[in-house]
Amino acid sequence: MPTESFAIIDFETSGLSPDRGDRVTEVAAVKVVDGVVVDRYQSLMNSGERISSRITEITGITNEMLEDAPDSDEVMEELVDFLDSDYLVAHNATFDKKFLQSELSIAGIRRRFDFTCSMNIARRVFPAAPNHKLETLIAYRKLTNGERFHRALADANATWDLWVDMSRVAGKKKGLVRLTFHQMKSLYC
DNA sequence: TGCCAGGCCCTCTTTAGGGCCTT
């Protein structure tokens, strides 16, 4: 049976648009092999971009915290080394995809990834949820683990918890314990 | 003070528009 590998990824950033100069401030990834978490990666990132008080209010990440953080080239090299698989999952994947592509381009790294959006899948698996924000879905499904939201590793862990829950709910409809990554992808993407 | 961008999804659609979600 072939090994199935992918990673959950989450970025904290200085804003909403890399096209407007916004940069990554923190990245985290959770590596999954055959349905089991095998490794985690997390790093703050100092791009040289100052972050606003509004962003600090949302994420808790301050300019002081970033002063001693590694630069973007170093973080992107570490991240790409960490990510064995080309398959990535993110909540609202278009956001994380555009920031990853932007940072890889700045770092001069030519690498493309295949993104799957947990939010789009959640809309189909849990159509009755109040909304499909990550924080809401975690509470809706009673998956809370006490971690704060809007930090990269906490959100990546929460997205993994949500993914496991969705794969079980979707699997149950098919008479299975849970669906694999590729089964989820083919069914909902 | 409040909004900023943009891609996906849904529908009162497809020659479009608006809401959602990410920081």
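Hydrogens, waters and symmetry mates are skipped; everything else that's a heavy atom, side chains included, is used.
Classified by interplanar angle (parallel below 30°, tilted 30° to 60°, perpendicular above 60°), the ring pair A:Trp160/A:Phe6 is tilted. In this structure, A:His182 and A:Tyr87 have perpendicular ring planes: the angle between them is above 60°, well past the 30° mark.
Residues meeting the ring-ring contact (aromatic ring centres under 6.0 Å, His included) test with A:Tyr188, sequence neighbours left out: none.
Toward the 5′ end of DNA chain B lies the nearest nucleotide of A:Asn120, the other residue of the pair A:Asn120 and A:Leu134 mapping further downstream. Along DNA chain B, the nucleotide closest to A:Arg20 and the one closest to A:Arg54 are compared, and the more 5′ of them pairs with A:Arg20.
At the heavy-atom level, A:Lys97 lies nowhere under 4.0 Å from the strands shown. Across all strands, A:Asp96 comes closer than 4.0 Å to no nucleic acid atom at all (heavy-atom distances). At the heavy-atom level, A:Phe11 lies under 4.0 Å from the strands shown only through sugar-phosphate atoms.
B:dT13 and B:dG18 are spaced 13 Å apart, taking the P atom of each and rounding to whole Å. Taking atom P in both B:dG7 and B:dG2, the straight-line distance is 28 Å, to the nearest Å. Straight-line distance between the P atoms of B:dC3 and B:dC8: roughly 25 Å, to the nearest whole Å. Taking the P atom of each, B:dC21 and B:dT15 are spaced 27 Å apart, rounded to whole Å. When the C1' atom is used for both B:dC20 and B:dT1, the distance is 23 Å, rounded to whole Å. Rounded to a whole angstrom, the distance from the P atom of B:dG6 to that of B:dC12 is 28 Å. Spacing of C1' atoms, B:dT23 relative to B:dC4, comes out at 12 Å, to the nearest Å.
Against DNA chain B, the stretch residues 100-118 of chain A makes no heavy-atom approach under 4.0 Å.
Sparse packing is recorded around NZ of A:Lys142, with 12 or fewer heavy atoms of other residues, nucleotides or ligands lying under 6.0 Å away. Few gaps surround CG on A:Asp81; more than 12 heavy atoms of other groups in view lie less than 6.0 Å from it.
Residues in residues 121-130 of chain A take part in no salt bridge (charged side-chain N to carboxylate O under 4.0 Å, His left out) pair, two or more places apart or across chains.
Here chain A contacts DNA chain B (any atom closer than 4.0 Å to a heavy atom, that is under 4.0 Å), and the contacts span B:dC4 to B:dT23 from 5' to 3'.
The hydrophobic cluster around A:Val75 extends to A:Ile9, A:Phe11, A:Leu16, A:Val24, A:Val27, A:Tyr41, A:Met45, A:Met76, A:Leu79, A:Val80, A:Phe82, A:Leu83, A:Leu88, A:Phe95, A:Phe99, A:Leu100, A:Leu104, A:Ile109, A:Phe113, A:Phe115, counting ILVMFWY residues whose side-chain heavy atoms fall within less than 4.5 Å of a member. With side-chain heavy atoms closer than 4.5 Å counting as contact, directly or through intermediates, A:Ile106 stands alone and belongs to no larger hydrophobic cluster.
Using a 3.5 Å distance cut-off with no hydrogens or angles, the side chains of A:Asp22 and A:Thr13 do not pair a donor with an acceptor.
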